[in-house]
Protein chains: 2
Amino acid sequence: MQTAMVTRNPAQAFPFPVFAKAGSALVAERFLGRPLRLARGAEIYAEGSPIETLFEVVSGTVRTRRLLPDGRRCIASFALPGEVFGLDGTGRHRFSAEAVTEAVVIAFARKDIEDCIGREPRAAHSWQAFTLRHLEAAQDRCILLGRRSAAERVASFLADLADRGQHGPHLLDLPMSRYDIADYLGLTAETVSRTLSALRRRRLIADGANHQIHILDRDALDEQAGEGDA
Amino acid sequence: MQTAMVTRNPAQAFPFPVFAKAGSALVAERFLGRPLRLARGAEIYAEGSPIETLFEVVSGTVRTRRLLPDGRRCIASFALPGEVFGLDGTGRHRFSAEAVTEAVVIAFARKDIEDCIGREPRAAHSWQAFTLRHLEAAQDRCILLGRRSAAERVASFLADLADRGQHGPHLLDLPMSRYDIADYLGLTAETVSRTLSALRRRRLIADGANHQIHILDRDALDEQAGEGDA
DNA sequence: CGACATATTGAGGCCTTTCAATGCTGGTGG
DNA sequence: CCACCAGCATTGAAAGGCCTCAATATGTCG
């Protein structure tokens with residue numbers, strides 16, 4: 001259960017401050033970033049802009065996404081409170097980042113982090129593990145997108161959000177639109193909507209107030225998600 | 001063109017020895033790994049086994065893949081000569097690795113590499129960039145799998161292999177089976193076969209001897225692949 | 001050369017998409 | 001305070017792309 005959570009949620013393994021788990025208190029104190037307050041829909045950085053900063057979400061939800069030339073959109077990740085985003089390339093951002101809801105994020109200068117890595121062996125190690133966990137998540141997503149049905153993807157998404165969220169395994173926030181979810185799962189908004197309706201009909205989930213979802217039968221949901229992986 | 005190649009082919013950015021680009025000759029010499037000769041289909045490591053080694057391909061082709069509980073298979077990557085594989089998790093392998101063809105690979109003790117990272121700031125930096133490039137590739141693959149048609153996926157795959165291969169941009173080796181390609185692209189073997197036939201019919205490609213493919217119209221193939229990304 | 005795995009091709013079906021209409025909700029201004 | 005508006009969600013019907021099942025070709029290795 002614990003390990004599954006880590007796999008599902010690479011970013012959360014690094015609670016604020018970013019390097020808290022670097023094994024060095026000194027490190028943690030170096031990164032007292034600058035907090036940003038964001039309106040709904042606000043762009044945090046654009047695709048193609050140079051990478052100078054990493055961000056940690058304090059409150060709200062952030063999405064990173066790319067637009068294809070023909071207008072198709074892909075969402076690479078949603079960042080929840082406590083998670084880090086901005087790690088999407090070596091030199092320039094290969095995705096843009098926008099606030100899904102009102103949000104507060106903290107910016108960390110990437111330069112500072114890299115300097116630190118150069119000086120602090122344990123930070124380097126920790127940072128490496130952090131990146132690897134993101135890589136694991138991306139690989140799992142490839143499997144989800146390549147080999148799983150719409151029903152499995154949506155169930156898996158809900159289970160993942162519940163595990164990453166702050167309301168326990170049976171309640172989750174779903175602040176993003178059906179279109180965002182669809183772009184994240186490689187589906188259409190209509191299919192997402194239909195799949196959610198089917199889950200409601202089967203009494204696996206129920207709607208709550210404020211875009212919340214209650215998971216009524218977590219075992220059945222996990223089963224529908226395809227048992228553990230992804 | 002050059003940058004596109006790097007994006008497509010993260011592993012090749014580190015030719016043998018693994019750390020040749022670490023900026024430190026000293027580093028390169030530390031990793032004189034042990035060469036392994038592999039028969040066709042031989043397993044190099046199993047899913048779930050502890051990660052102790054990283055591998056560089058000297059000759060032949062290697063695949064990393066996972067089997068889902070219900071028998072569906074996913075291939076995470078193909079490693080070509082000069083490329084590195086084995087970087088698929090923090091503690092245990094989350095994929096297995098097998099030789100697609102007869103192959104020679106060189107094993108590097110991960111422990112040595114991590115020790116080195118701790119001691120050599122430049123190695124840490126270099127390693128970090130290396131991992132990030134793998135992450136970029138995985139993210140691009142998510143877009144490929146989530147938002148592109150069968151025709152785009154296959155064209156993109158061929159273009160990618162040509163860029164990574166050693167015969168220039170108009171000739172490539174295709175040693176893996178249609179099933180392997182299908183499991184890599186999130187399709188079925190039949191669809192891959194049909195798509196290749198369509199490309200042949202349109203004179204974008206032609207078969208060569210020994211599982212080679214000639215790219216007759218590279219521009220058209222890139223166009224079919226969806227223009228640059230992926 | 002023969003046996004087996006792999007590749008190709010065809011026909012039909014299913015799942016997801018597309019197109020379209022309706023209902024809902026939250027924010028805004030009269 | 002309420003009505004209106006715009007965006008989002010839901011649902012339906014039809015189409016399309018990819019998959020499944022099946023048969024036939026090709027090639028590869030003993």
Side-chain angles (χ1 to χ4, degrees), chain A residues 39-41 61 63 68 70-75 98 100-102 144-155 157-158 173-201 205-213 224 226, chain B residues 39-41 61 63 68 70-74 98 100-102 144-155 157-158 173-202 205-213 224 226:
Chain A
R40 215 162 163 251
T61 302
R63 67 173 172 245
L68 271 61
D70 60 359
R72 285 178 289 191
R73 309 184 321 163
C74 311
I75 288 186
E98 296 129 33
V100 172
T101 61
E102 283 190 11
L144 185 81
L145 295 173
R147 281 282 176 255
R148 307 199 99 114
S149 69
E152 289 174 316
R153 293 184 207 189
V154 172
F157 179 65
L158 294 178
D173 292 313
L174 204 63
M176 63 290 285
S177 75
R178 299 292 185 260
Y179 291 90
D180 282 346
I181 298 173
D183 290 334
Y184 181 71
L185 296 178
L187 300 168
T188 60
E190 293 91 334
T191 298
V192 171
S193 186
R194 270 186 261 270
T195 307
L196 287 173
S197 295
L199 290 175
R200 273 192 291 265
R201 217 171 304 123
I205 63 172
D207 287 7
N210 290 103
H211 294 278
Q212 286 192 324
I213 300 270
Q224 176 67 82
Chain B
R40 212 161 166 256
T61 302
R63 67 172 172 246
L68 271 60
D70 59 0
R72 284 177 289 191
R73 308 184 320 163
C74 311
E98 295 129 33
V100 172
T101 62
E102 282 192 13
L144 185 81
L145 295 173
R147 281 281 176 253
R148 307 199 98 112
S149 69
E152 290 174 315
R153 293 183 207 188
V154 171
F157 179 65
L158 294 178
D173 292 313
L174 205 64
M176 63 291 285
S177 75
R178 299 293 185 258
Y179 290 90
D180 282 346
I181 299 173
D183 289 334
Y184 181 71
L185 296 178
L187 300 169
T188 61
E190 293 91 334
T191 298
V192 171
S193 186
R194 269 185 262 270
T195 307
L196 287 173
S197 295
L199 291 174
R200 274 191 291 265
R201 217 172 303 124
R202 290 165 55 196
I205 63 172
D207 287 7
N210 289 104
H211 294 278
Q212 286 191 323
I213 300 270
Q224 176 67 82

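Within every chain, numbering begins at 1; the chains are lettered A, B, ... in the order of the sequence lines, protein sequences first and strands thereafter.
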Next item on the list: Return the set of residues passing salt bridge (Lys or Arg N to Asp or Glu O under 4.0 Å) with R178(B) (not counting sequence neighbours), or none when no residue passes.
Entry: none
Next item on the list: Determine, step by step, whether V154(B) and I181(B) satisfy the side chain to side chain contact (heavy atoms under 4.5 Å, CB included) criterion, reporting the C-alpha distance in whole Å, the side-chain angles of both residues, the deciding distance to 0.1 Å, and the verdict.
Entry: CA-CA 9 Å; V154(B) 171; I181(B) 299 173; 5.6 Å; no
Notebook entry, point to check: What is the 5' to 3' range of DNA chain C, first to last nucleotide, that sits under 4.0 Å from any heavy atom of chain A?
Noted result: dT16(C) to dC19(C)
Notebook entry, point to check: Is S197(B) touching bases, backbone alone, or none of the nucleic acid, heavy atoms closer than 4.0 Å?
Noted result: sugar-phosphate
Next item on the list: Would you sort out whether R147(A) and D183(B) count as a side chain to side chain contact (heavy atoms under 4.5 Å, CB included), showing the intermediate values?
Entry: CA-CA 8 Å; R147(A) 281 282 176 255; D183(B) 289 334; 2.8 Å; yes
Notebook entry, point to check: Quick one: the side chain of R194(A) and the base of dG12(D), do they pair up donor-acceptor inside 3.5 Å?
Noted result: yes
Checklist line | Partner set under salt bridge (Lys or Arg N to Asp or Glu O under 4.0 Å) for R153(A), not counting sequence neighbours | finding: none
Check: By salt bridge (Lys or Arg N to Asp or Glu O under 4.0 Å), which residues pair with R200(A), not counting sequence neighbours?
Finding: D207(A)
Note to self: Is there a side-chain contact between L174(A) and F157(A) in this structure, where contact means two heavy atoms from C-beta onward sitting under 4.5 Å apart?
What the structure shows: yes
Check: What string of B, S and - do you get for nucleotides 22-30 of chain D, 5' to 3', if B is base contact, S is sugar-phosphate-only contact and - is no contact with any protein heavy atom under 4.0 Å?
Finding: ------S--
Notebook entry, point to check: Got a sec, which residues hit salt bridge (Lys or Arg N to Asp or Glu O under 4.0 Å) with R202(B), two or more places apart in sequence or on another chain?
Noted result: none
Check: Checking all strands, does S177(A) fall into the base, sugar-phosphate, or nothing category for heavy-atom contacts under 4.0 angstrom?
Finding: sugar-phosphate
Checklist line | Counterpart residues, side chain to side chain contact (heavy atoms under 4.5 Å, CB included), relative to D70(B) (two or more places apart) | finding: L68(B), R72(B)
Next item on the list: Please list, chain by chain and in numerical order, all residues satisfying side chain to side chain contact (heavy atoms under 4.5 Å, CB included) with Q212(A), sequence neighbours excluded.
Entry: H167(A), L171(A), D173(A)
Next item on the list: For R63(B), check side-chain hydrogen bond (donor to acceptor under 3.5 Å, both in side chains) against everything at least two apart and list the hits.
Entry: E98(B), D180(B)
Note to self: Looking at T191(B), I'd like to know whether one of its side-chain N or O atoms comes within less than 4.0 Å of OP1 or OP2 on dC19(D).
What the structure shows: yes
Margin query: Determine whether L187(A) and T195(A) satisfy the following criterion, side chain to side chain contact (heavy atoms under 4.5 Å, CB included), listing intermediate values before the conclusion.
Written below: CA-CA 11 Å; L187(A) 300 168; T195(A) 307; 5.7 Å; no
Next item on the list: Please identify each residue that fulfils side chain to side chain contact (heavy atoms under 4.5 Å, CB included) with T188(A), with sequence neighbours left out.
Entry: E190(A), T191(A)
Next item on the list: Report which part of the nucleic acid R200(A) touches: base, sugar-phosphate, or nothing (heavy-atom distance under 4.0 Å, all strands).
Entry: sugar-phosphate
Notebook entry, point to check: dT10(D) phosphate, OP1 or OP2: any side-chain N/O from R178(A) under 4.0 angstrom?
Noted result: yes
Next item on the list: Enter the inter-axis angle for the ends of the helix from dC1(C)-dG30(D) to dG30(C)-dC1(D) (five pairs per end, rounded to 10°).
Entry: 40°
Check: Pick the nucleotide of DNA chain D nearest each of D207(A) and V192(B); which residue has the one closer to the 5' end?
Finding: D207(A)
Notebook entry, point to check: Heavy-atom contacts under 4.0 Å between residues 179-188 of chain B and DNA chain D, which residues?
Noted result: G186(B), L187(B), T188(B)
Next item on the list: Could you tell me whether E152(A) atom CD has more than 12 heavy atoms of other residues or ligands within 6.0 Å of it?
Entry: yes
